[in-house]
Visitor: 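One structure coming up, written as structure tokens, with questions to follow.
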Amino acid sequence: MKIYKFDTLDSTNEYMKNHMETFEEFDAVIADSQTKGKARRGNLWFSDKGMALFTFLVKKHKGIKDSEYMKLPLLAGMGVIKGLNHFEKLDYKFKWTNDVYLNERKLSGILVERIEDNFYIGIGININNILPVELEKIAVSLSEITGEKYDITDIVSSIIKEFKILYNDFINRLWKNILSEINSINYLKDKKVSIKIADTLISGIARDINNKGEIEILANNGILSFSFGEVVNKKIIIEK
């Protein structure tokens with residue numbers, strides 16, 4: 001694993017995709033700041049100095065079906081939590097499908113993109129940065145909670161090492177063990193959520209993440225499961 005560091009990039013994901021011949025599996029690109037960081041659905045990703053802003057490369061394993069790789073954001077989320085636990089053991093939660101929460105606020109976001117058999121796992125974590133006033137109620141930084149400052153490269157290295165362990169377990173058919181751990185810190189569990197599908201709004205109570213990596217919702221007509229969606233203020237918005 002090699003780590004390539006830059007002061008500023010448009011996007012760590014885009015840089016790695018555009019220079020894919022340079023990188024081996026689990027190599028990482030870190031930027032102190034991004035000018036065009038991306039989130040899911042093409043939304044802009046808040047990027048600021050003091051954050052851990054990085055992308056690392058994962059190669060498709062021949063023995064794993066394409067559909068199984070929908071679980072990569074969950075593996076990455078657990079990698080973030082396990083990696084951070086080496087520095088601060090706090091009450092981190094995984095918010096389906098691609099966020100890490102701390103003290104009821106967002107600490108980290110994850111974006112997974114694919115080109116052929118290459119997966120680019122982009123992660124942003126609030127570490128040493130001071131959040132703008134407009135985000136203080138919905139986001140949190142590690143330094144805000146602990147009052148400490150951290151070495152970003154050390155944190156990134158720790159997260160990727162933990163991800164490698166999880167990924168190895170994943171390709172060796174140990175997904176159920178990983179899933180059990182994820183569900184033990186499932187942020188949405190037992191919270192009321194709303195799901196919008198086209199013009200229909202479905203409300204219910206979030207339950208576990210199932211074996212397919214889908215969130216299960218207890219609605220009036222029973223248990224429903226969803227493989228994708230964006231959770232906003234405990235509402236899952238699914239556009240079709």
Side-chain angles (χ1 to χ4, degrees), residues 1-60 69-84 92 94-102 106-129 131 135 139-142 150 152-164 166-167 170 182 213 228-232:
M1 176 182 70
K2 294 182 180 178
I3 294 178
Y4 299 82
K5 297 195 289 185
F6 298 87
D7 292 334
T8 302
L9 290 174
D10 287 353
S11 158
T12 56
N13 269 37
E14 290 302 311
Y15 183 88
M16 183 166 267
K17 287 190 292 182
N18 291 333
H19 300 82
M20 56 188 298
E21 70 283 350
T22 304
F23 303 106
E24 301 292 335
E25 187 167 32
F26 304 116
D27 283 353
V29 170
I30 301 177
D32 288 343
S33 63
Q34 295 183 127
T35 58
K36 295 180 181 178
K38 293 193 301 181
R40 292 173 70 236
R41 300 177 183 271
N43 295 324
L44 288 177
W45 190 338
F46 170 75
S47 303
D48 195 17
K49 287 202 171 187
M51 294 181 68
L53 301 166
F54 64 103
T55 298
F56 64 94
L57 177 63
V58 175
K59 297 280 189 179
K60 185 181 184 300
Y69 280 89
M70 295 294 289
K71 299 168 183 173
L72 274 183
L74 283 69
L75 295 174
M78 281 304 299
V80 168
I81 290 169
K82 286 176 173 287
L84 289 175
Y92 307 108
F94 178 76
K95 183 180 178 184
W96 183 91
T97 56
N98 65 329
D99 292 329
V100 174
Y101 267 52
L102 177 62
K106 183 173 177 175
L107 179 70
S108 173
I110 298 159
L111 172 69
V112 178
E113 296 183 298
R114 179 179 183 177
I115 297 178
E116 298 176 344
D117 289 340
N118 297 317
F119 295 89
Y120 301 89
I121 301 183
I123 300 177
I125 314 171
N126 297 317
I127 301 293
N128 298 321
N129 52 309
L131 292 160
L135 296 180
V140 65
S141 73
L142 192 61
Y150 302 90
I152 300 296
T153 304
D154 287 348
I155 286 178
V156 170
S157 178
S158 177
I159 289 168
I160 297 174
K161 286 175 182 177
E162 289 294 341
F163 177 88
K164 287 174 67 175
L166 288 164
Y167 190 60
F170 174 68
I182 292 171
F228 62 93
E230 184 177 359
V231 182
V232 182

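Being a predicted model, the structure only gives us computed values, none of them experimental.
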Visitor: Check whether any side-chain heavy atom of L72 lies under 4.5 Å from a side-chain heavy atom of F163, and answer yes or no.
Guide: yes
Visitor: Do L111 and N98 have side chains that approach each other closer than 4.5 Å (heavy atoms only, starting at C-beta)?
Guide: no
Visitor: Would you compute the distance between atom NZ of K161 and atom NZ of K82 and round it to the nearest 0.5 angstrom?
Guide: 15.5 Å
Visitor: Nearest 0.5 Å please: distance from the OH atom of Y15 over to the CG atom of L9.
Guide: 7.0 Å
Visitor: D117 and R114: which non-hydrogen atoms are nearest, and at how many Å?
Guide: OD1-NH2, 3.5 Å
Visitor: Any side-chain heavy-atom pair from L57 and N118 closer than 4.5 angstrom?
Guide: yes
Visitor: Please give me the minimum heavy-atom distance between V29 and T12, naming the atom from each residue.
Guide: O-CG2, 3.8 Å
Visitor: Kindly give the heavy-atom pair with the smallest separation between A52 and V156, and that separation in Å.
Guide: CB-CG2, 4.4 Å
Visitor: Between atom OH of Y150 and atom CD1 of I155, what is the distance when rounded to the nearest 0.5 Å?
Guide: 7.5 Å
Visitor: Would Y101 and K95 count as having a side-chain donor-acceptor pair, cut-off 3.5 Å?
Guide: yes
Visitor: So I127 and L84, do their side chains get closer than 4.5 Å, heavy atoms only?
Guide: yes
Visitor: Give the C-alpha distance, both sets of side-chain angles, the deciding distance and a yes or no for side chain to side chain contact (heavy atoms under 4.5 Å, CB included) between N126 and V140.
Guide: CA-CA 7 Å; N126 297 317; V140 65; 5.8 Å; no
Visitor: Quick one: closest heavy-atom pair of F94 and P73, and the distance?
Guide: CE1-O, 3.9 Å
Visitor: Assess the residue pair V58 and E25 against the criterion (side chain to side chain contact (heavy atoms under 4.5 Å, CB included)); give the C-alpha distance rounded to whole Å, side-chain angles, the decisive distance to 0.1 Å, and a yes or no.
Guide: CA-CA 5 Å; V58 175; E25 187 167 32; 3.9 Å; yes
Visitor: Is a side-chain N or O of W96 found less than 3.5 angstrom from the main chain of G213, in a donor-acceptor match?
Guide: yes
Visitor: Dump the intermediate steps for side chain to side chain contact (heavy atoms under 4.5 Å, CB included) on I125 and L142, then the final yes or no.
Guide: CA-CA 9 Å; I125 314 171; L142 192 61; over 6 Å; no
Visitor: Atom CG in D27, atom CD1 in I3: separation rounded to 0.5 Å?
Guide: 9.0 Å
Visitor: For the residue pair S157 and M1, what are the closest heavy atoms and their distance?
Guide: OG-CE, 3.5 Å
Visitor: Going by heavy atoms in the side chains, are Y4 and H19 under 4.5 Å from each other?
Guide: no
Visitor: Hey, could you give me the CG/CZ distance between L75 and F119, rounded to the nearest 0.5 Å?
Guide: 11.0 Å
Visitor: Check S141 against N129 and note the closest heavy-atom contact, atom names and distance.
Guide: OG-O, 3.2 Å
Visitor: What distance separates I115 CD1 from K17 NZ, expressed to the nearest 0.5 Å?
Guide: 5.0 Å
Visitor: Is it true that atom NZ of K60 has more than 12 heavy atoms of other residues, nucleotides or ligands lying nearer than 6.0 Å?
Guide: yes
Visitor: So, the side chain of S108 versus the backbone of V100: is there a donor-acceptor pair under 3.5 Å, distance only?
Guide: no
